[in-house]
There are 2 protein chains.
Amino acid sequence: MSIERAARVRRSPEAARENILAACEAILLEQGPQALKLADVAAGAGVANATVLHHFGSIDGVQTALMTRMIRQLVQRIAVDFGQHQDAVGRVGAGARALFDAFGTRGGARLAAWLELTGEARRMTAIRQAVQEVAALRMQLDSPVDETAVQDFMLVCVTMALGVGLFGDTMAELLGRPPERIREIALDLIEARIRQETGG
Amino acid sequence: MSIERAARVRRSPEAARENILAACEAILLEQGPQALKLADVAAGAGVANATVLHHFGSIDGVQTALMTRMIRQLVQRIAVDFGQHQDAVGRVGAGARALFDAFGTRGGARLAAWLELTGEARRMTAIRQAVQEVAALRMQLDSPVDETAVQDFMLVCVTMALGVGLFGDTMAELLGRPPERIREIALDLIEARIRQETGG
DNA sequence: CGCTCTATTGACATTTTTGTCGGTAATGTC
DNA sequence: GACATTACCGACAAAAATGTCAATAGAGCG
C-alpha cells in the first residue's frame with residue numbers, strides 16, 4: 001500500500017487567514033486563551049504550523065488578529081441590533097438587550113475578559129467609539145436632562161452585560177438557578193431605572 | 001574580591017509555601033495568569049526553581065494551590081464583612097457592598113475570570129456555599145416572601161459584583177468616567193430593587 | 001505548455017519552560 | 001558535638017512551544 005498524502009489545499013490569503021482565525025475562535029471559546037498554541041491552531045485549521053506563521057508572522061500576530069476580528073464582529077453586531085429600533089421608548093431597553101446578546105454569545109465577554117487579564121484592554125477602544133456614538137444618538141433623539149447621566153448609565157449597562165455574559169451561566173449553575181434568570185433580572189433592574197428616569 | 005553568595009534562607013514548609021503563593025498572587029494581579037511561569041514565580045519569591053517544585057510538585061500544583069488560597073481568602077473576607085451588620089434593613093445593602101469590595105480588590109474578580117476562561121469554574125463551589133449560607137441567613141432574619149426570589153437576587157448581585165470588579169475600572173477609563181461611578185450606580189440599582197421589594 | 005508567483009509543507013533549529021538529581025546547609029534532637 | 005531530617009540550590013536533562021528554510025505544488029497567464 002502506498003502512502004497517501006492529502007491533496008494540498010490552496011486558498012486565497014484572505015480565505016487562509018479566515019480559516020485559521022475561525023479555528024482560533026473555536027479554541028478560544030471551548031478551551032480558553034491559554035490553549036491558543038501554534039500547533040493546536042494549525043491542527044484546528046487543518047494546515048501546517050509553518051502556514052500559520054506564513055500568514056501571521058508569529059503566534060502573537062495570530063492573537064492580535066483574532067482580537068481585532070472578534071472586536072469588529074462584536075461592534076458590528078451591537079450596531080445592527082441597536083439600529084433596528086426606531087421608537088424612543090423601547091430603544092434603551094432594546095439597546096441593553098442588544099448589549100446582553102452581543103456579549104453573551106460568540107464569546108464576546110470571554111474576549112473582553114482575555115483582554116482584561118492580559119492587560120490589552122486598551123484594544124477595546126472600538127467599543128468606546130460605539131458606546132459614545134450611541135450615547136450621542138440618544139441625546140439627539142430623546143434629549144434627556146443630563147448627558148453625563150446617560151453616559152454613566154450606558155457604562156453600567158455595558159459592564160453588567162459583560163459580567164452577565166462572562167459569569168452568568170457558571171454562577172447560575174453553581175447556585176442551581178435557571179441560566180436565563182440572571183439576564184432577566186439584570187435587564188429588569190435596568191428597565192426599572194429607565195422608567196424612574198423618564199417617568200418621574 | 002571573593003564571590004559572595006546570599007545566605008540561604010530556610011523557612012518552615014508552611015512559610016515557604018506562603019512566600020511562594022504571595023509572589024504568585026502579585027504576578028497574577030499585575031500581569032495576568034499567562035505570566036505565571038515557574039522561573040518568574042521563583043524569582044518573585046526569591047528562591048530557586050527547584051524550590052518551588054519541591055513544595056508544589058509542578059507548576060500546575062502551584063496554580064491549584066493559588067486558586068485554593070485565593071478562594072479561601074475571598075470567601076473569608078465576604079463572610080467577615082457580611083457578619084458585621086446586625087440590622088435587617090441595612091444588611092442587604094451592606095452585603096452587596098461587601099461583595100463589591102471582595103471582588104473589586106485583591107484580584108477576586110480576576111481570579112474568577114481566570115477560572116472561567118480555563119474551564120475550572122467548578123472550583124468556585126466555595127462561593128456557592130457562602131452564598132447559600134447567606135441566603136439562608138437572610139430568610140431566617142428578614143423572612144421575605146419568596147425564597148427563590150432571594151436566591152435569584154443574590155445571584156445577580158454576585159454576578160454584577162464580578163462584572164464590576166473585573167471590567168469596571170477599564171470601562172470607566174475607556175469611557176472617560178470616574179472609576180467609582182460604576183460601583184455607585186450598580187449599588188444604586190440594587191438598593192432600589194431592595195426598597196421596591198421590602199417597601200411595597 | 002512553459003513560466004511566474006506564492007500558498008503550503010516537512011524537516012530542522014532555536015527558544016522557552018518545565019522538571020530531575022546529587023549535593024549543600026539550616027534546624028532540631030540526642 | 002554528632003546525627004538525622006529536609007529545605008534549598010546549581011547544573012543539567014527533558015519537554016514543549018515557537019520559529020526558520022529550502023523545496024513542493026496549485027493557480028493564473030503568456
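If you're wondering where the values come from, they're calculated on a predicted model, not measured in any experiment. The sequence lines fix the lettering, A, B, ..., with proteins before strands; numbering per chain opens at 1.
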For nucleotides 23-26 of chain D, tabulate all protein N/O to nucleotide N/O atom pairs closer than 3.5 Å, reporting atom names and distance.
unit_1: D:dT24; atom_1: O2; unit_2: A:Arg8; atom_2: NH1; d: 2.5
unit_1: D:dA25; atom_1: O4'; unit_2: A:Arg8; atom_2: NH1; d: 3.4
unit_1: D:dG26; atom_1: N2; unit_2: A:Arg10; atom_2: NH1; d: 3.3
unit_1: D:dG26; atom_1: N2; unit_2: A:Arg10; atom_2: NH2; d: 3.0
unit_1: D:dG26; atom_1: N3; unit_2: A:Arg10; atom_2: NH1; d: 3.1

> Under 4.0 Å between a side-chain N or O of A:Thr51 and OP1 or OP2 of C:dA7?
Replying inline: no
> Within less than 4.0 Å of OP1 or OP2 of C:dT8, is there a side-chain N or O belonging to A:His55?
Replying inline: yes
Exercise: identify the closest heavy-atom pair between [X] and [Y]:
{"X": "B:Ala42", "Y": "B:Asn49", "value": "CB-OD1, 3.4 Å"}
{"X": "B:Asp40", "Y": "B:Ala35", "value": "OD2-O, 3.7 Å"}
{"X": "A:Ala23", "Y": "A:Gly44", "value": "CB-C, 3.7 Å"}

> Considering heavy-atom distances to DNA chain D, does B:Ala50 or B:Pro13 have its closest nucleotide positioned more toward the 5' end?
Replying inline: B:Pro13
>> Applying side chain to side chain donor-acceptor pair (under 3.5 Å) as the test, list every pair that has at least one member in residues 23-34 of chain B; sequence neighbours left out.
In response: B:Glu25-B:Arg69, B:Glu25-B:Arg106
>> I need the full list of side chain to side chain donor-acceptor pair (under 3.5 Å) pairs touching residues 153-172 of chain B, with sequence neighbours left out, sorted by first then second residue.
In response: A:Glu116-B:Thr170
Nearest-Å distance, [atom1] ([X]) to [atom2] ([N])?
{"X": "B:Arg11", "N": "C:dG28", "atom1": "CZ", "atom2": "P", "answer": "15 Å"}
{"X": "A:His54", "N": "D:dC21", "atom1": "NE2", "atom2": "C1'", "answer": "13 Å"}
{"X": "B:Phe56", "N": "D:dA7", "atom1": "CZ", "atom2": "C1'", "answer": "13 Å"}

> Using 4.0 Å as the upper bound for N to carboxylate O, is an ion pair formed by B:Asp101 and B:Arg183?
Replying inline: yes
> Are there more than 12 heavy atoms of other residues, nucleotides or ligands under 6.0 Å from atom CD of A:Glu120?
Replying inline: yes
>> Take a 6.0 Å sphere around CD of A:Glu173 and say whether it holds more than 12 heavy atoms from other residues, nucleotides or ligands.
In response: no
>> Return the CD to CD1 distance between A:Glu18 and A:Ile20, rounded to the nearest 0.5 Å.
In response: 10.0 Å
> Quick one: side chain to side chain contact (heavy atoms under 4.5 Å, CB included) partners of B:Ala65, sequence neighbours excluded?
Replying inline: B:Arg17, B:Leu21, B:Phe56
Produce the list of close N/O pairs, under 3.5 Å, pairing protein atoms with atoms of nucleotides 12-18 of chain D; give distances to one decimal.
unit_1: D:dT18; atom_1: OP2; unit_2: A:Leu38; atom_2: N; d: 2.7

>> Within residues 15-33 of chain B, which residues have any heavy atom lying less than 4.0 Å from an atom of DNA chain C?
In response: none
> Are the side chains of B:Phe103 and B:Leu166 in touch, meaning some heavy atoms are under 4.5 Å apart?
Replying inline: no
